[in-house]
Amino acid sequence: MPEGHSIHRLAAAFDELLAGQRIDVSSPQGRFADGARVLNGRRYEGSEAYGKHLFQHFDDLVLHTHLGLYGSWTFDGDASFVAPHAIGAPRRRIGESEELAGEITPTDVWAPPEPRGQVRVRLATNHGIADLTGPNQCRVLSAPETLAVTSRLGPDPLRADADPERFITRARQLRRPIGELVMDQAVISGPGNIYRAEALFIAGIHPWRPGNRVSIARLRTLWDVLAEHMKNGVETGSIVTTSEGEQERFYVYQRAGLPCLVCTTPIVLEEMAARKLYRCPRCQR
DNA sequence: ACGATATGAGTAT
DNA sequence: TACTCCTATCGTT
């Protein structure tokens, strides 16, 4: 899935492609027919990403989506729609994986493609489309309802308004393992299973250590590591947490049984709160 | 044709 | 801790 960095990329992409325009909103699959009718023809005012939540403002109404484990947005359009992209090469898909958009010729006459698979929502202009499949949240909210959602989220390291002290204070109050707290969106919003594993490794923290037994200094380091790597994820569109020169993308994620890149001890795979947890038994204390 | 899996999270027990 | 939701993909029969 899309961790927080993907959602921030989406917000930027939508601002660039749709802001200020009237949008044709439909639900090819039909499961969002009512919402699509309400939003259809409204002006796109802007996007906001908060943790893994995306809020898209259509006049006074908000399309709130959450991609869950396997949701994704797929883009297609003519050169004016897809070509310029503030955050790197145009991507056809933002979700489980991103692919480079195919070759686009300015002279192409573009026509909207048939929806592929279960498209819950299609946002369309004359120049392009964005199709949403597999979200675990997709609904229309008022502004106050939007605030009610974000007010339950912990600070998002990718947001300028994030307060790391809120994360540190909360973590220090809880006895649950720090590995669980990093995945708890009420404690810190945006990180998912990959950033969890990798940041705890880089910060040298044992995932099962209770939050209230991780020092303030190490929690601050953990926040900084998360912020640094998630920002890199926003810029590049992919998660790579290893240092330059390293062949692997990850230190521990999906490396069960393989030698730790730092100390060669085999990486351990366990289960934590029904999710896979990877750690180095020697580097993380 | 199945079945397992996935970068998530709410609700029930 | 388990079940539920949502979908595509890849491996195995």
Side-chain angles (χ1 to χ4, degrees), chain A residues 1-10 27-33 35 49-54 63-75 91-99 113-122 130-139 141 145 148-154 156-158 176-177 179-202 207 225-226 229-234 236-242 248-256 269-279:
Chain A
M1 168 311 104
E3 305 194 17
H5 70 296
S6 301
I7 312 310
H8 283 260
R9 280 177 73 79
L10 283 165
S27 178
Q29 172 202 58
R31 294 187 51 177
F32 189 64
Y50 203 128
K52 297 170 188 162
H53 298 256
L54 180 64
L63 175 59
H64 171 220
T65 54
H66 189 297
L67 295 177
L69 257 182
Y70 36 68
S72 77
W73 284 94
T74 302
F75 295 82
R91 298 307 210 271
R92 186 139 278 173
R93 203 157 178 254
I94 298 183
E96 292 184 9
S97 66
E98 294 188 32
E99 306 148 17
E114 280 302 304
R116 239 177 105 92
Q118 298 293 310
V119 176
R120 188 81 62 89
V121 183
R122 169 169 284 190
D131 283 350
L132 172 66
T133 61
N136 81 357
Q137 274 289 331
C138 177
R139 51 186 187 159
L141 299 182
E145 288 168 331
V149 174
T150 57
S151 65
R152 281 184 237 113
L153 296 171
D156 174 353
L158 290 175
R176 287 156 59 213
E180 272 188 43
L181 301 181
V182 175
M183 292 279 286
D184 184 339
Q185 304 296 300
V187 175
I188 180 171
S189 63
N193 206 15
I194 299 178
Y195 283 121
R196 183 253 304 256
E198 296 295 297
L200 286 170
F201 173 84
I202 293 166
V225 168
L226 283 164
H229 288 278
M230 292 175 73
K231 277 173 191 162
N232 184 64
V234 174
T236 63
S238 67
I239 305 180
V240 178
T241 54
T242 46
E248 305 294 331
R249 288 177 65 196
F250 307 130
Y251 285 108
V252 294
Y253 183 74
Q254 279 182 346
R255 287 183 49 79
L269 168 60
E270 296 168 311
E271 201 156 289
M272 177 183 276
R275 303 300 298 274
K276 304 220 178 211
L277 172 73
Y278 301 85
R279 65 181 175 88

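Here is the naming used below: chain letters follow the sequence lines, and residue numbers restart at 1 for every chain. Atom set for the values below is all heavy atoms of this structure, side chains included, hydrogens, waters and symmetry mates excluded.
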Non-hydrogen side-chain atoms of S72(A) and D131(A) separated by less than 4.5 Å
no
Across all chains, not counting sequence neighbours, the salt bridge (charged side-chain N to carboxylate O under 4.0 Å, His left out) partners of R196(A) are none
(Q) Taking the side chain as everything from C-beta on, heavy atoms only, tell me whether Y278(A) gets closer than 4.5 Å to R255(A). (A) no
Here the distance between atom C1' of dA6(B) and atom OH of Y253(A), to the nearest Å, is 7 Å
Taken to the nearest whole Å, CD1/I194(A) to P/dG8(B) is 8 Å
What integer number of Å spans the P atoms of dT5(B) and dT13(C)? 14 Å
Rounded to whole Å, the CG-P distance (L269(A) to dA6(B)) equals 9 Å
Atom CD of Q254(A) and atom P of dC10(C) are separated, to the nearest Å, by 14 Å
Quick test: give all pairs of protein nitrogen or oxygen and nucleotides 9-13 of chain B nitrogen or oxygen below 3.5 Å, distance rounded to 0.1 Å.
residue	atom	partner	partner atom	Å
dA9(B)	OP1	H66(A)	NE2	3.4
dA9(B)	OP2	K52(A)	NZ	3.0

Sorted by chain and number, sequence neighbours left out, salt bridge (charged side-chain N to carboxylate O under 4.0 Å, His left out) with R120(A) holds for none
F250(A) atom CZ is separated from dA6(B) atom P, nearest whole Å, by 13 Å
Here the distance between atom P of dT7(C) and atom CH2 of W73(A), to the nearest Å, is 14 Å
Contacts of S189(A) meeting side chain to side chain contact (heavy atoms under 4.5 Å, CB included) (sequence neighbours excluded), chain-then-number -> Y50(A), L153(A), D156(A), Q185(A)
Looking only at dT7(C), dA6(B), dG8(B), the nucleotide nearest the N193(A) side chain is dG8(B)
M272(A) atom CE is separated from dG8(B) atom P, nearest whole Å, by 14 Å
P atoms of dT9(C) and dA9(B), separation to the nearest Å: 22 Å
Sorted by chain and residue number, the salt bridge (charged side-chain N to carboxylate O under 4.0 Å, His left out) partners of E145(A) (sequence neighbours excluded) come out as none
For this session: Classify the nucleic acid contact of Y195(A) as base, sugar-phosphate or nothing, counting any heavy atom under 4.0 Å across all strands shown.
Result: nothing
R176(A) meets the salt bridge (charged side-chain N to carboxylate O under 4.0 Å, His left out) criterion, sequence neighbours left out, with E180(A), D184(A)
Query raised in the report: Counting any heavy atom closer than 4.0 Å, what does Q29(A) reach on the DNA or RNA strands: base, sugar-phosphate only, or nothing?
Result: sugar-phosphate
To the nearest angstrom, the CD-P distance between E271(A) and dT1(C) comes to 9 Å
- Query: What interatomic distance, in whole Å, is found between C1' of dG10(B) and the corresponding atom of dA8(C)?
  - Reply: 22 Å
